[in-house]
There are 2 protein chains.
Amino acid sequence: MKIKLVKASELKSEILKKLYYENALSCAELSVLFGKSLPIIMKAINELIDEGFVVEVGYAPSSGGRRPLNYAVKADAMYIMAIAMDQLSTRIAIVDLCNRPVAEVEMVELLLNNNAVALEKLIEYINAYILRNGIDKARILGIGIGMPGFVSAADGINYSYLDANGQSLNEYIFKATGLPTYVANDSSVIALAEQKFGVAKSQEEVMVINLGWGIGLGMIIKGEVFRGYDGFAGEFSHIPLFEDGALCICGKQGCLEAEASMLVVVEKAKEGIKQGRLSTLQSVIDDPLKLMGDAIFEVAATGDPFVIELLSDAGYKIGKALAILIHIMNPKTIVLSGRGAKGGKIMMAPIQLALNKYCIPRLAANIEILISELGFDGEIIGAAVLVMENFDQEKLIINTKRIQMNI
Amino acid sequence: MKIKLVKASELKSEILKKLYYENALSCAELSVLFGKSLPIIMKAINELIDEGFVVEVGYAPSSGGRRPLNYAVKADAMYIMAIAMDQLSTRIAIVDLCNRPVAEVEMVELLLNNNAVALEKLIEYINAYILRNGIDKARILGIGIGMPGFVSAADGINYSYLDANGQSLNEYIFKATGLPTYVANDSSVIALAEQKFGVAKSQEEVMVINLGWGIGLGMIIKGEVFRGYDGFAGEFSHIPLFEDGALCICGKQGCLEAEASMLVVVEKAKEGIKQGRLSTLQSVIDDPLKLMGDAIFEVAATGDPFVIELLSDAGYKIGKALAILIHIMNPKTIVLSGRGAKGGKIMMAPIQLALNKYCIPRLAANIEILISELGFDGEIIGAAVLVMENFDQEKLIINTKRIQMNI
DNA sequence: TAAACTTAATAAATTATTTTAATATCTTCC
DNA sequence: GGAAGATATTAAAATAATTTATTAAGTTTA
């Protein structure tokens with residue numbers, strides 16, 4: 001791993017971040033990682049221990065000499081509120097610094113589209129959740145929120161949903177809850193999760209496909225989320241892919257989303273069954289969208305031919321889009337993630353088929369397509385990561401005071 | 001501009017690079033740029049002056065206090081050999097540290113396709129050019145080469161042309177010339193030129209389209225060329241864009257290159273004229289490809305309807321491809337560069353038309369499409385930049401010795 | 001099984017960097 | 001046009017970081 005240059009004044013918070021991501025590291029390892037001398041690292045670590053952020057966690061195996069003493073974050077030094085939204089529902093969790101929930105993860109219905117009170121509802125949920133679980137707000141480092149739409153993480157504005165009269169959602173929710181808040185596009189948040197704690201762990205260049213009601217793309221470039229100039233990079237759903245394709249909600253024709261998203265698969269399934277196609281999906285045909293989505297993958301796993309046909313068709317089209325992405329970005333790894341990752345195994349073959357057809361062989365040859373193991377938890381974990389990504393020395397100092405007051 | 005963290009041991013070479021890119025800077029500016037204290041910067045600058053790399057270049061205008069003393073690279077401290085190749089011909093130049101040629105830029109015919117002796121020819125040209133112009137090899141910092149094909153700049157290998165039995169071209173040419181050599185894909189080299197000395201100067205996120213016999217893409221991300229995992233990123237020519245398009249040399253159908261490259265425009269022009277279309281291009285219809293390419297833009301500038309029709313058609317298709325790029329990368333700036341940049345003005349309208357049709361308005365709204373001013377010189381300048389990008393403390397020390405021996 | 005070799009942690013000495021203060025030079029505002 | 005404020009440079013003092021040496025603790029090999 002490349003050494004990461006940091007300013008001396010940011011060393012301690014950077015070490016804490018690293019320990020959060022890497023679980024446990026020795027001083028020697030940290031020394032190499034940051035390109036700083038051992039005494040400096042030891043001083044920082046000892047201070048972090050004194051301040052209550054870090055603990056010793058025993059010795060690592062020797063690599064031919066004295067065994068190194070490993071350090072890790074103190075899991076309950078701080079908590080993080082992680083929120084994962086989609087168009088239909090919102091999940092809320094509070095996790096510790098090992099990403100373990102310290103209160104039960106809850107899901108609430110929260111329609112984003114044409115819902116003027118969605119933001120107020122969200123804030124209500126947040127405050128109620130904290131209160132109900134009896135968690136001290138002072139212990140919570142911040143709130144990370146992954147949400148669909150055109151989100152500028154830099155400005156804290158979602159241009160599609162949750163309007164706060166043009167104000168920053170980060171500011172608005174901070175004022176309403178007292179907790180530092182960071183919003184970001186759901187796909188970028190999922191990409192964060194996959195790179196820090198998922199199948200793409202520690203990789204510097206990864207493309208993460210968020211298979212959901214739309215089709216999102218979170219990009220990790222040079223080890224960081226790439227957001228583009230306005231923060232809208234990775235708008236994969238609406239690339240013009242098919243000459244005379246289905247009409248998309250965006251008003252255009254031939255968008256990837258309109259041909260291959262989970263929404264389309266569900267709709268095609270309903271329509272097909274109505275027209276007499278046989279499928280075990282028949283029993284849930286009148287269920288709401290969300291349940292139907294879950295059912296698709298259950299039924300696919302049992303080998304239902306109609307559903308597999310639908311998923312294969314979607315997979316092939318996604319594969320064509322991936323071919324374009326590969327030509328432009330030449331990634332090493334592509335991760336299929338999001339709630340649709342469950343169908344990844346079935347889609348793998350048609351995706352590969354499409355790559356064979358649409359990719360220059362040299363580019364497709366070494367590509368590694370992985371299926372997320374975080375699955376549905378990805379967005380929650382990513383939302384927590386989002387808070388830690390914004391952790392800095394200033395917040396370290398604030399929280400040091402808090403811990404010292406408590407003890 | 002964001003401060004650039006550098007290791008203390010690399011400060012001097014980084015300062016020199018910065019001065020090369022920015023022409024002239026004061027110590028105070030450098031201090032801010034690198035986040036280092038003034039005494040450190042002054043020490044480094046004074047050493048660089050003593051070593052013969054830097055000179056004082058007078059005072060900058062005051063901004064309300066004592067006028068700062070500006071420093072610049074000593075233009076003839078070192079020379080750089082810059083080589084720009086395309087499939088048909090190769091240009092060679094030697095430039096000083098102000099990118100001014102110190103010997104006449106020469107162009108030689110050098111077919112890359114199916115030419116087993118192309119590499120040997122290239123080396124011959126290099127050595128002959130240096131000899132003919134009587135330039136001391138010890139004065140030349142290195143050779144930068146932009147070339148078409150699948151080029152891995154990291155490995156120094158071009159997988160399409162100029163095979164050195166799988167060896168690194170960097171190594172091979174170094175052995176044959178005694179000069180450190182760096183090869184890279186032509187489009188990435190042009191992107192470097194545009195970002196350092198062109199219309200995209202100092203921008204951190206830029207997409208540079210190389211309009212030539214193919215259609216290349218050089219990406220600047222976080223201020224650096226993005227090359228992807230294998231180094232093949234930006235393979236824009238062969239993205240699958242049209243359902244049943246023309247057959248491409250790559251064997252696939254519907255590639256952008258097969259529909260909109262300069263090669264296609266020239267061929268369509270020839271064919272059209274043969275079939276009776278009226279055009280002032282008629283007089284050069286039997287000229288070789290290269291001349292025909294130049295003629296296209298000359299004729300277009302006079303308002304030739306047929307040629308404008310052809311360029312518009314190509315522009316519209318390029319616009320569709322740009323729409324995809326914009327959806328994925330959300331850049332602030334797109335630069336039309338390469339030898340085809342001459343036609344940029346004519347293509348601008350159809351490109352915008354395509355963006356209106358294929359882009360989500362929010363993404364297309366703020367996009368800035370610029371036409372290169374470096375034009376045909378872009379690849380030469382970029383090749384020189386390529387050498388400076390690889391300049392480090394080690395090379396600084398080597399060249400210090402050289403200068404001291406000479407003086 | 002002990003000697004030789006590694007690696008880790010700690011302390012002391014050296015080196016490097018930044019901060020502070022002082023001086024020089026220029027602009028702008030009475 | 002001179003005084004006050006701003007910026008740049010230089011020198012000295014204070015601070016911080018790294019290097020080197022030392023001790024501790026483990027592995028490998030003869």
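Order of the sequence lines sets the chain letters (A, B, ...), proteins ahead of strands, with each chain counted from 1. Both backbone and side-chain heavy atoms feed into the values below; hydrogens, waters and symmetry mates do not.
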- [ ] Determine the minimum heavy-atom distance between B:Phe34 and B:Ile15, stating which atoms define it.
- [x]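 Residues B:Phe34 and B:Ile15, closest heavy atoms: CE1-CG1, 3.8 Å.
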In whole angstroms, how far is the [atom2] atom of [N] from the [atom1] atom of [X]?
X       : N      : atom1 : atom2 : value
A:Glu29 : C:dA9  : CD    : P     : 10 Å
A:Ile41 : D:dT18 : CD1   : C1'   : 12 Å
A:Asn70 : C:dA9  : CG    : C1'   : 14 Å
A:Tyr59 : D:dA24 : OH    : P     : 14 Å
A:Leu30 : D:dA17 : CG    : P     : 16 Å
A:Phe34 : D:dA17 : CZ    : P     : 14 Å

Check this for me: does any side-chain nitrogen of one of A:Lys12 and A:Glu47 sit under 4.0 Å from a carboxylate oxygen of the other?
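The answer is yes: the pair qualifies as a salt bridge.
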Quiz item: With a 3.5 Å cut-off and no angle check, do the side chains of B:Gln393 and B:Ser9 form a donor-acceptor pair?
Solution: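 On atom types as modelled, these side chains do not qualify, holding no pair under 3.5 Å.
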Query raised in the report: Counting side-chain heavy atoms from CB outward, which of C:dA9, D:dG26, D:dT9 is closest to B:Met42?
Result: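 Selected nucleotide: D:dT9.
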Below 30° counts as parallel, above 60° as perpendicular, anything between as tilted: where do the rings of B:Phe197 and B:Tyr21 land?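 Ring orientation of B:Phe197 relative to B:Tyr21: tilted.
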Just the table, please: protein N/O against nucleotides 11-19 of chain C N/O, every pair under 3.5 Å.
residue, atom, partner, partner atom, Å
C:dT18, OP2, B:Ser37, N, 3.2
C:dT18, OP2, B:Ser37, OG, 2.8

**Message:** For the backbone of A:Glu51 and the side chain of A:Thr400, can you confirm whether one donor and one acceptor N or O come within less than 3.5 Å of each other?
**Reply:**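 A pair under 3.5 Å: no.
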Decide yes or no for B:Glu205 and A:Tyr229: does some side-chain heavy atom of the first lie under 4.5 Å from some side-chain heavy atom of the second?
->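 No; the side chains remain at least 4.5 Å from each other.
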